[in-house]
Novice: 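Take this structure, written in structure tokens, and hold onto it; I'll ask about it next.
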Amino acid sequence: MSFKFQTQSCSPMISVFPKTLIATRFLSRTPTLPPKLNAIRTMSSSTQRVFQLKLDLLTGNSEWVVIEDNDNDNDHESFSQNFHQPLLATTSYLDMLNDSTRNAAFRQAIEKTITKPCHVLDIGAGTGLLSMMAARAMGEEGRVTACESYLPMVKLMKKVLRLNAMEGRVRVINKRSDELQVGLDIPARAHVLVSEILDSELLGEGLIPTLQHAHDNLLVENALTVPYRATTYGQLVESTFLWQLHDLHNNEPTVSDGIHLTPPGLGKVLSVKRQQYAMHCDPIREEIKLLSEPFKIFEFDFWKRPESHGETELCVKATNDGRVHAVVSWWVLQLDQEGTIYYSTAPRWISSPKTTSPVDWCDHWKQCVWFVPGSGISTLKGEEIHLHATHTETSISYSLDTQVPATEILNHRWTTGDLQLVLPPERAAIYGDKGWRLSMLKAVQSKLQGRGCPLCLVADDSVFLPLLVAQFSEAPHVMSLLPGLKERGLQYLQAAAHANGLARNCIEVLEKGVKQLTMHDLHQKKVDLLIAEPFYVGHDGMLPWQNLRFWRDRTTLDDILSDDAMIIPSKGILRACAVSLPDLWKSRCCLTKIEGFDHSVVNATLGACGHLPESEEGPCLPFFVWQCGEFNVLSETFDVMEFDFSKQICQCQGKSQVQFTKSGVCHGFVLWIDWVMDLQNSVVISTGPDRRYWKQGVKLLGTPRTVGPQRLSNVQTCSAVLEAFFNPLNGELKIAHDFL
């Protein structure tokens, strides 16, 4: 085998967030700032400045956007319209502010804890909601310091404070909490800490180091805190669906294409990262077999300095026969010292005398799933399973043991250090899906039949397609770009190609991007087969049409394609259906007053839906629709437009009539792309809402509509028109709708 590769220059301090690529130097640990949503900040005597690195997902190009803090209202409005809205609308700020259960619990605990004037510190202040609650609880004499490092949110918070006449009662500091200095930023240590620096795992937003620094440097001894304590719980479960999300090695034997992505002896080369994954577990309740009662894991007290590292050993008794595939975990927040106010992220099958799951569905906090390595651990009812839990400053992990042969236990104890290539769980499940692989096999075989010795170029980050094409070509010569996987993909392909018995020199990993590729790199041959899944590293959380990067790449490569070059996929079809999504719509709807504080000023910036001018409608956002709470399809699936990959990328538009087949309240439209792999339309890979391994785009309506079939006389609307416009310059898809 011959492999060539040269790492392109890329800072290791870069990570991907929807619609943005942002330098990940932590500037604060805030509850409203997603772990990957960070920016580089500079300060001068007159202004503060953020440099935000934005990525064009069609081209891979990036540019720095400068955000400055000033009090010019006109500049602020321009910034909100031109930059804030697309960025902040992709975050969980709006969903969090619409969580009425959370808001009420914090308000009650703050009013119960802060009973006299004092100094309150709010870390990760966001829109300033908790700061305003604290100021109101104290009356006119106390003081509140609101610490928020993310400049776009600081600018928004100032507008909220101004709207609620709280500017003089809440002092805003645009810094990380661990940059605050007593005597410089705050006059004295604070008596009370209010904060909401929690993610679905509890620790991922820096709870522990934030509390450590606060207790060491910012709070008085025996300071009061809201919340008071958090406790994590877990439960052992069996679930084929969860197993398929990570165990590619044991799912591969069910496929018949002869390709082994995890060959014997290399089962650890390709796997998912050993971590907890946030996921709504209620939608798969019928696919989950509970194998234990809930058990307590860790307790974290906000009112004292926490330890950076902790371990615990638990003996969990099995309540059913089965195979432990995962640990489902959640946390319960005790907000007051007396233990009367609680908030829980438990799945709805858990009941407690103290708490229940939140009444309203929310997306900013989910349960977490830890995959038990391999095919899981078999257990019998009544058997004790030994669980070892460990926490670091930012994460919790588990290892399990039971009375099974030592060899089986060893197979369960892989470490991330052993892995050469790490995939998202959904990608691992796709690679183990025999239906998906059969579709790819049919498409490749139909293109290669009778083609002699074609030169194949794999344009995306697929590690399956180079092996598949090499396996079924008569005299294979496969080149792969691996634009995102780079060295990791190279290392994997080296091992997998050899293990699959492929000939030497059949796969070549190129060192250049599509723009730099020339005939010299292709050994003076033109490409006969250009192929992709398409799959690009970092696009897993993106909108479906952002994988049209393949179309842009195909256009860029036009000069090196042969006259009769075959393209896989041959086209993409944008498809849609009308849906009822009451839970998601409620979590994204316009804000008015939250516990008495007006937040209407944030709606346009945060991409809210409902009662806004059409020009300010919320954006289309990516979701796993199956995890979006109550969900009902109200129309037939319809085609909106096609993208023809045999031609160069161009502006596209499509328009379709929507005929409703069910009565209900329509909250919006779900959109996705079906990839047509051949010219005969016989092999189609759908990424629609019934396919749980892909995210769809969701366009919520400003105002929900009562709809139904035309034959019913008591419905408000029986049809609608959906129109879409694709811009090839930036990859944006503009969606318009009209109810008839």
Novice: Only counting residues at least two apart or in another chain, list the ones meeting side chain to side chain donor-acceptor pair (under 3.5 Å) with Asp95.
Specialist: Ser587

Novice: Is the Phe464-Trp436 ring centre distance short of 6.0 angstrom?
Specialist: yes

Novice: Nearest 0.5 Å, what's the CG-CD1 distance between Leu530 and Ile567?
Specialist: 4.5 Å

Novice: Got a second to check how far Leu163's CG is from Asp598's CG, nearest 0.5 Å?
Specialist: 4.0 Å

Novice: Please list, chain by chain and in numerical order, all residues satisfying ring pair (Phe, Tyr, Trp, His ring centres under 6.0 Å) with Phe535, sequence neighbours excluded.
Specialist: none

Novice: If I take atom CD1 from residue Ile594 and atom CG from residue Asn98, how far apart are they, to the nearest 0.5 angstrom?
Specialist: 7.0 Å

Novice: Going through the distances and angles, do Ile568 and Leu465 end up as a side chain to side chain contact (heavy atoms under 4.5 Å, CB included)?
Specialist: CA-CA 11 Å; Ile568 300 179; Leu465 289 177; over 6 Å; no

Novice: Are any of the side-chain heavy atoms of Val684 and Met677 separated by less than 4.5 Å?
Specialist: no

Novice: Search all heavy atoms of Ser92 against all heavy atoms of His364 and return the closest pair with its distance.
Specialist: CB-CB, 3.8 Å

Novice: Before you tell me yes or no, could you show the steps for Leu701 and His667 under side chain to side chain contact (heavy atoms under 4.5 Å, CB included), namely the whole-Å CA-CA distance, both residues' side-chain angles and the distance that decides it to 0.1 Å?
Specialist: CA-CA 6 Å; Leu701 303 179; His667 295 95; 5.8 Å; no

Novice: Measure across Phe623 and Asp363 and return the closest heavy-atom pair with its distance rounded to 0.1 Å.
Specialist: CE2-OD2, 3.7 Å

Novice: Going from CG on Asp553 to CG on Leu481, what distance comes out if it is rounded to the nearest 0.5 angstrom?
Specialist: 7.5 Å

Novice: How about NZ on Lys366, more than 12 heavy atoms from neighbouring residues, nucleotides or ligands closer than 6.0 Å, or not?
Specialist: yes

Novice: Verify salt bridge (charged side-chain N to carboxylate O under 4.0 Å, His left out) between Asp540 and Lys695, making sure each step is shown before the conclusion.
Specialist: CA-CA 8 Å; Asp540 298 81; Lys695 283 189 174 183; over 6 Å; no

Novice: Hydrogens and angles aside, do Gln648 and Asp558 bring a side-chain donor and acceptor to less than 3.5 Å of each other?
Specialist: yes

Novice: Can you measure from CG (Asp521) to CD (Gln516) and round to the nearest 0.5 angstrom?
Specialist: 9.5 Å

Novice: Once you measure the plane-to-plane angle for Phe739 and His737, does it fall in the parallel (<30°), tilted (30-60°) or perpendicular (>60°) bin?
Specialist: perpendicular

Novice: More than 12 non-hydrogen atoms from neighbouring residues, nucleotides or ligands closer than 6.0 Å to CD on Glu636, yes or no?
Specialist: no

Novice: Please list, chain by chain and in numerical order, all residues satisfying side chain to side chain donor-acceptor pair (under 3.5 Å) with Glu533, sequence neighbours excluded.
Specialist: Arg427, Tyr431, Ser462

Novice: Is the shortest heavy-atom distance from the side chain of Tyr693 to the side chain of Asp433 under 4.5 Å?
Specialist: yes

Novice: Heavy-atom distance under 4.5 Å between the side chains of Val602 and Lys159, does that happen here?
Specialist: no

Novice: Enumerate donor-acceptor pairs with a distance under 3.5 Å from any side-chain N or O in residues 626-633 to protein atoms, sequence neighbours excluded.
Specialist:
unit_1 : atom_1 : unit_2 : atom_2 : d
Trp626 : NE1    : Arg692 : O      : 3.2
Gln627 : OE1    : His280 : N      : 2.8
Asn632 : OD1    : Lys662 : NZ     : 3.4

Novice: Are Trp694 and Arg691 close enough, and set up right, to give a side chain to side chain contact (heavy atoms under 4.5 Å, CB included), and what steps lead you there?
Specialist: CA-CA 6 Å; Trp694 285 275; Arg691 309 303 170 108; 3.7 Å; yes

Novice: Hey, are the side chains of Val422 and Val272 touching, using non-hydrogen atoms and a 4.5 Å cut-off?
Specialist: no

Novice: Verify, without hydrogens or angle tests, whether Asp528 (side chain) and Ser562 (backbone) share a donor-acceptor contact under 3.5 angstrom.
Specialist: no

Novice: For residues Asp461 and Leu482, report the shortest heavy-atom separation together with the two atoms involved.
Specialist: OD1-C, 3.1 Å

Novice: With distance as the sole test, does Gln696 use its side chain to make a donor-acceptor pair with the main-chain N or O of Val670 at under 3.5 Å?
Specialist: no

Novice: Give me the atom names and distance for the closest heavy-atom approach of Gly702 to Trp585.
Specialist: O-CZ2, 3.7 Å

Novice: Output yes when a side-chain donor or acceptor of Thr555 lies under 3.5 Å from a complementary backbone atom of Ile649, and no otherwise.
Specialist: yes

Novice: A side-chain contact here means heavy atoms from C-beta on lying under 4.5 Å apart; do Thr90 and Leu621 qualify?
Specialist: yes

Novice: So how far is it from Leu543 CG to Glu732 CD, rounded to the nearest 0.5 Å?
Specialist: 8.0 Å

Novice: Can you list every salt bridge (charged side-chain N to carboxylate O under 4.0 Å, His left out) pair that touches residues 560-574, not counting sequence neighbours?
Specialist: Arg451-Asp564, Lys571-Glu642

Novice: Holding to side chain to side chain donor-acceptor pair (under 3.5 Å), I want the full list of residues that pass it with Asp674, two or more places apart in sequence or in another chain.
Specialist: Arg575, Trp672, Ser686

Novice: Do the side chains of Val665 and Arg705 get nearer than 4.5 Å, heavy atoms only?
Specialist: no

Novice: Run the side chain to side chain contact (heavy atoms under 4.5 Å, CB included) check on Lys526 and Leu455 step by step: do they pass?
Specialist: CA-CA 7 Å; Lys526 287 204 169 186; Leu455 172 59; over 6 Å; no

Novice: Taking the side chain as C-beta and beyond, is there a heavy-atom pair between His599 and Lys593 under 4.5 Å?
Specialist: no

Novice: Side chain of Thr687, backbone of Ile673: donor and acceptor closer than 3.5 Å?
Specialist: yes

Novice: Taking all heavy atoms of Ser656 and all of Phe638, pick out the closest pair and write down the distance.
Specialist: CB-CD1, 3.6 Å

Novice: For Leu94, does its backbone N or O pair with a side-chain atom of Arg588 as donor and acceptor, under 3.5 Å?
Specialist: no

Novice: Measure the shortest side-chain to side-chain distance between Leu733 and Met641 over non-hydrogen atoms and say whether it is less than 4.5 angstrom.
Specialist: yes

Novice: Side-chain donor-acceptor pair under 3.5 Å between Ser570 and Asp678, yes or no?
Specialist: no

Novice: Heavy atoms only: give me the nearest Phe645-Pro569 pair and the separation to one decimal.
Specialist: CD1-O, 3.1 Å

